[in-house]
Number of protein chains: 2
Amino acid sequence: MNYAEFCKEIEMEKAAAFRNAVESNKGSIKIKKEKKLSENLSRIFDATIELANEKGFQAMSMRDLSSKASLSLGALYSYFSSKDELLEMIQGYSLAMVSVILTDSIKKETDSSKKLERAIRTHVYITEYMQPWFYFSYMEAKNMDRPAQKRAIEGELFTEKIFSDIIESAVSGKKPGDHDPVMTASLIKAMLQDWYLKRWKYRKRKIGPDQFADFLISFIRSSIM
Amino acid sequence: MNYAEFCKEIEMEKAAAFRNAVESNKGSIKIKKEKKLSENLSRIFDATIELANEKGFQAMSMRDLSSKASLSLGALYSYFSSKDELLEMIQGYSLAMVSVILTDSIKKETDSSKKLERAIRTHVYITEYMQPWFYFSYMEAKNMDRPAQKRAIEGELFTEKIFSDIIESAVSGKKPGDHDPVMTASLIKAMLQDWYLKRWKYRKRKIGPDQFADFLISFIRSSIM
DNA sequence: AAAAATATAACGAACGTTCGATTTTTTTTA
DNA sequence: TAAAAAAAATCGAACGTTCGTTATATTTTT
């Protein structure tokens with residue numbers, strides 16, 4: 001599997017996750033027609049991500065959003081009930097994406113070592129594919145209300161658990177006690193996050209997702225094996 | 001060296017960095033008396049850090065700051081000329097801290113391997129000591145104006161260069177071509193940043209700075225050696 | 001007393017949000 | 001199929017707040 005292949009397979013799951021995000025916020029959406037809703041809401045999402053990653057979500061005004069999404073102020077509020085809710089819809093979307101994709105992906109391998117490799121690779125690819133979304137979720141987490149913050153933390157721990165479980169079974173019996181799987185998973189997660197948080201750096205150095213995944217895998221492999 | 005020892009040695013350098021931060025913004029400070037200035041400005045800094053790490057710098061109002069720092073709105077503006085300038089003063093402060101401390105620290109070792117170990121340990125300790133400051137600088141970087149953003153990026157690359165230089169001389173001749181020092185330094189930096197960005201996680205798991213530094217060093221050593 | 005520092009009230013600008021009027025789209029009717 | 005009616009969606013002005021900042025008056029320190 002490489003990044004190009006990954007992209008082809010992802011489109012459907014992306015659409016499904018979007019429909020799911022819409023479904024769980026149906027209550028505060030005033031738009032009736034499915035087509036209008038998905039067209040305009042995804043344009044609103046894109047515009048929000050773009051503006052927020054430029055100047056921060058708080059600093060982005062509804063008037064900024066209105067002009068970038070080509071909808072009037074009043075119209076915007078037919079798609080969500082408040083600015084905060086908009087933020088949480090986007091968070092829910094990207095949170096669902098990473099956990100679904102990751103869980104599905106590791107089922108395709110049985111060998112622990114291969115499983116770990118695949119998990120890392122998939123994480124790099126999905127965060128490459130939706131980089132602005134993950135950057136947004138990471139940076140705006142502390143501006144969310146308590147329940148949304150809790151969801152963000154649980155999301156982080158969920159993916160970390162995927163890694164620590166794999167490591168546990170991968171290194172069991174090999175070098176007992178030498179490396180704590182939980183700590184190792186923590187560090188892996190940190191390195192994976194660097195990929196979507198510091199894109200400017202890797203772009204400048206002309207390092208693509210495949211290259212990054214390869215390097216990261218060999219770095220980790222030689223450390224825990 | 002452990003964290004407790006580190007703390008004893010740091011106080012002087014911290015005070016020097018603070019004086020330096022004041023000095024380079026003297027132009028917009030209306031307070032004449034040295035004592036008043038350092039007392040109140042450091043209280044303003046602390047209050048800003050605390051509020052910004054709670055709800056974000058943008059969301060923090062000058063009225064919030066006024067009440068937390070126990071100074072009237074008008075009085076605040078005798079210590080800086082605008083909210084943005086306050087942000088940049090704080091950024092300059094923590095940026096200067098890490099580079100001075102790190103540069104000084106690695107001079108104390110000659111062996112490359114020891115040098116790397118010491119650099120990592122020192123980075124963990126200084127970011128532990130001033131955790132809220134580094135968290136602040138990281139999270140608010142994208143809300144700063146262009147020149148301040150440039151400074152933040154240069155700061156990141158500066159410390160990364162310190163690591164890649166050491167790695168280069170440490171692994172030269174050992175495993176040629178196997179690990180790109182620049183990429184390795186990038187990953188090390190990512191893991192070091194995790195320490196001050198995810199404090200809630202490490203605190204919950206009862207992992208202190210000494211433990212984290214030990215683990216990180218052994219993780220990296222087994223990977224590049 | 002003079003100088004330095006603080007407090008208070010007020011400024012215009014910009015914010016998120018709402019609401020009734022208006023336009024666009026869909027459905028019904030002839 | 002074309003006109004009329006109903007429904008859905010959009011619009012832009014306006015609301016009440018809150019924001020960063022300032023000018024002036026007052027208090028504290030020298």
Side-chain angles (χ1 to χ4, degrees), chain A residues 22 25-45 47-49 51-52 54-91 140 143-145 148, chain B residues 22 25-45 47-49 51-52 54-91 140 143-145 148:
Chain A
V22 168
N25 287 79
K26 208 79 183 180
S28 40
I29 298 177
K30 296 197 193 79
I31 302 299
K32 304 283 173 65
K33 302 290 165 189
E34 193 82 17
K35 206 181 129 207
K36 256 263 144 62
L37 176 55
S38 73
E39 269 179 20
N40 283 348
L41 188 56
S42 69
R43 205 170 64 249
I44 291 172
F45 281 0
T48 305
I49 295 281
L51 285 165
E54 259 173 40
K55 51 162 82 171
F57 183 77
Q58 304 258 4
M60 172 199 86
S61 73
M62 296 308 280
R63 285 158 184 85
D64 293 336
L65 182 57
S66 161
S67 76
K68 174 148 297 203
S70 306
L71 277 168
S72 71
L73 275 172
L76 283 179
Y77 281 84
S78 301
Y79 293 84
F80 49 81
S81 65
S82 75
K83 197 185 175 189
D84 277 335
E85 200 195 42
L86 171 61
L87 189 151
E88 284 167 31
M89 284 171 78
I90 293 176
Q91 183 212 24
E140 304 299 341
N143 302 328
M144 299 172 186
D145 62 10
Chain B
V22 168
N25 287 78
K26 208 78 182 182
S28 40
I29 298 176
K30 297 199 193 77
I31 303 299
K32 303 283 175 66
K33 301 290 164 187
E34 193 82 19
K35 205 180 129 206
K36 257 263 143 64
L37 176 56
S38 72
E39 269 179 19
N40 283 348
L41 189 55
S42 69
R43 206 170 63 250
I44 291 171
F45 280 0
T48 305
I49 295 281
L51 286 165
E54 260 173 39
K55 51 162 86 170
F57 184 76
Q58 303 257 5
M60 172 200 87
S61 72
M62 298 307 281
R63 285 157 184 86
D64 293 336
L65 183 56
S66 161
S67 77
K68 175 147 294 201
S70 306
L71 277 169
S72 71
L73 275 173
L76 283 179
Y77 281 85
S78 302
Y79 292 84
F80 48 82
S81 65
S82 76
K83 199 185 174 190
D84 277 335
E85 199 195 44
L86 170 62
L87 189 151
E88 284 167 31
M89 283 172 80
I90 293 176
Q91 183 212 25
E140 304 298 341
N143 303 328
M144 300 172 185
D145 63 10

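A note on names: the letters A, B, ... follow the listed sequences, proteins ahead of strands, and every chain is numbered from 1. Worth saying up front: this structure is predicted, and the values here are computed from it rather than measured.
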* Structure fact -> Applying side-chain contact (heavy atoms from CB on, under 4.5 Å) to B:Ser70 and not counting sequence neighbours gives B:Arg43
* Structure fact -> Sorted by chain and residue number, the side-chain contact (heavy atoms from CB on, under 4.5 Å) partners of A:Leu73 (sequence neighbours excluded) come out as A:Met62, A:Arg63, A:Ser66
* Asked: Which nucleotide of DNA chain D is the first, and which the last, in the 5' to 3' direction, to come under 4.0 Å of a heavy atom belonging to chain A?
  -> D:dA8 to D:dA14
* For B:Lys26, look at atom NZ and say whether over 12 heavy atoms of other residues, nucleotides or ligands are found less than 6.0 Å away. => yes
* Please figure out whether A:Ser70 or B:Lys83 has its closest DNA chain D nucleotide nearer the 5' end. => A:Ser70
* To do: Please report the closest heavy-atom contact between A:Ala148 and A:Gln91, naming both atoms and the distance.
  => O-NE2, 2.8 Å
Rounded to the nearest 0.5 Å, what separation is found between the [atom1] atom of [X] and the [atom2] atom of [Y]?
| X | Y | atom1 | atom2 | value |
| --- | --- | --- | --- | --- |
| A:Phe57 | A:Asn143 | CZ | CG | 8.5 Å |
| B:Leu87 | B:Glu140 | CG | CD | 6.5 Å |
| B:Lys33 | B:Ile31 | NZ | CD1 | 11.0 Å |
| B:Ile90 | B:Phe45 | CD1 | CZ | 5.5 Å |

Could you list the protein-to-nucleotides 11-13 of chain C atom pairs, N/O on both sides, closer than 3.5 Å?
none

* **DNA chain C contacts made by residues 35-43 of chain A, counting heavy atoms under 4.0 Å** => none
Would you mind reporting whether [Y] and [X] have side-chain heavy atoms less than 4.5 Å apart?
| X | Y | result |
| --- | --- | --- |
| A:Met89 | A:Ile29 | yes |
| B:Thr48 | B:Leu65 | yes |
| B:Leu71 | B:Tyr79 | yes |
| B:Glu88 | B:Asp145 | yes |

* Using a cut-off of strictly less than 4.0 Å between a heavy atom of the residue and any atom of DNA chain D, enumerate the qualifying residues of residues 72-81 of chain A by number. => A:Ser72, A:Gly74, A:Ala75, A:Ser78, A:Tyr79
